[in-house]
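Have a look at the structure below before the remarks.
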Amino acid sequence: MPRVSLPLSVPPALEGRDLQQAFGPQTVLRGVTLQVRPGEVVAVTGPSGSGKSTLLHLLGGLDTPQGGEVHWAGTRVDTLGTQVRAQRRAAQLGLVFQHHYLLEDLSVLDNVLIPTRLSGRGDEGRARDLLGRVGLAGREGAYPGVLSGGERQRVAVARALAAHPAAVLADEPTGSLDRANAQAVAQLLVNLAREEGAGVLLVTHDDRLTRYADRTLHLLDGQFTDEAPDFA
Ligand SMILES: Nc1ncnc2c1ncn2[C@@H]1O[C@H](COP(=O)(O)OP(=O)(O)O)[C@@H](O)[C@H]1O
Ligand SMILES: [Mg+2]
């Protein structure tokens, strides 16, 4: 169950309605509907190739769905032009991928500030605060190259929250980390987002991460299924 209760008038942080996507003859999503409420953590699991990343790309506005709608904080965005949507994404979403995508020639602090500079939301004080909360106080001036894999992904988590997003979308965010680091990063992401009131969509094929979610949806054959299949 969600750990927050909000009036019904508050729109979902993130919503997909009847999303459909095919690549050539292969139908990957056959009508997927989900809502993530502010402060709620929703995990999406499914076997490799089941369409998790495709779904995340549609919900993040990185691709345009062939059918259905995407809404961020109550506003439909799949009908917007690419550039307007990118601006809105910088202001309303945080993205964390399996690879950290830090810019190697920017300091840790400047990496966290990127969404702030793109959107005008958030500031350096907030970026420093977030870095402290992910355990990287004192490393603001370091360059990504000297950080461990877990530290880089913690920078990516701080960056995702820098511009006060409505929702954070994470695609296998711990997939390149060892078990201890994976759990630490997942815990940080979820705790920070909850504190900030941001919804989280956590896409993972790692069942160990679903324990951090308020609810878990299973993607199979292009739709959500009620069963919890064995993906091993
Ligand atoms: N851009 C694309 N072009 C063609 N096929 C794609 C593309 N993106 C994903 N697919 C196919 O869609 C299916 C779902 O992929 P994906 O969403 O990456 O699954 P998951 O993240 O669950 O492993 C796979 O069969 C994949 O090969
Ligand atoms: Mg994937």
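Remember, it's 1-based here, ligands and their atoms both numbered in the order they're listed.
- Put simply, the side chain of V96 does not reach to within 4.5 Å of the side chain of L169, judged on heavy atoms.
- Closest to atom 19 (O) of ligand 1, if we only count protein heavy atoms, is G51 N, 3.2 Å.
- No chain of hydrophobic side-chain contacts below 4.5 Å, direct or via other Ile, Leu, Val, Met, Phe, Trp or Tyr residues, connects Y143 to V155.
- For the Mg ion (ligand 2), the nearby protein N/O/S atoms, meaning those under 2.8 Å, are S53 OG.
- Applying the 4.0 Å criterion to heavy atoms of S53 picks out, from ligand 1, the atoms 17 (O), 18 (O), 20 (P), 21 (O).
- Of all atoms in ligand 1, listed by their number and element, those nearer than 4.0 Å to a heavy atom of P47 are 22 (O).
- Annotation: atom 3 (N) of ligand 1 to nearest protein heavy atom, F23 CD2, 3.5 Å.
- No donor-acceptor contact under 3.5 angstrom links the side chains of Q66 and Q20, judged on distance only.
- L188 has its side chain within reach of R154: a pair of non-hydrogen atoms, C-beta onward, lies under 4.5 Å apart.
- Heavy atoms of other residues, nucleotides or ligands lying less than 6.0 angstrom from CD of Q83 number 12 at most.
- No more than 12 heavy atoms of other residues, nucleotides or ligands sit less than 6.0 Å from atom CG of D221.
- Residue-to-ligand polar distances keep V28 apart from ligand 1: every N/O pair is separated by 3.5 Å or more.
- Salt-bridge annotation for R37 and E15: absent, with no side-chain N of the basic residue lying under 4.0 Å from a carboxylate O of the acidic one.
- When only non-hydrogen protein atoms are considered, atom 17 (O) of ligand 1 lies nearest to T54 OG1, 2.6 Å.
- Protein heavy atom closest to atom 26 (C) of ligand 1, with residue, atom name and distance, is Q26 OE1, 4.6 Å.
- Exactly one of D78, T33, L59 qualifies for a side-chain contact (heavy atoms from CB on, under 4.5 Å) with L19. That residue is L59.
- Using a 4.5 Å cut-off between side-chain heavy atoms of Ile, Leu, Val, Met, Phe, Trp and Tyr, with links allowed through other members, L106 and V157 fall into different hydrophobic clusters.
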Evaluate the ring-ring contact (aromatic ring centres under 6.0 Å, His included) criterion for residues Y101 and H99: first the C-alpha distance (whole Å), next the side-chain angles of each, then the deciding distance (0.1 Å), finally the verdict.
CA-CA 6 Å; Y101 293 120; H99 185 71; 5.2 Å; yes
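- What sits closest to atom 14 (C) of ligand 1 on the protein, heavy atoms only, is G49 O, 3.3 Å.
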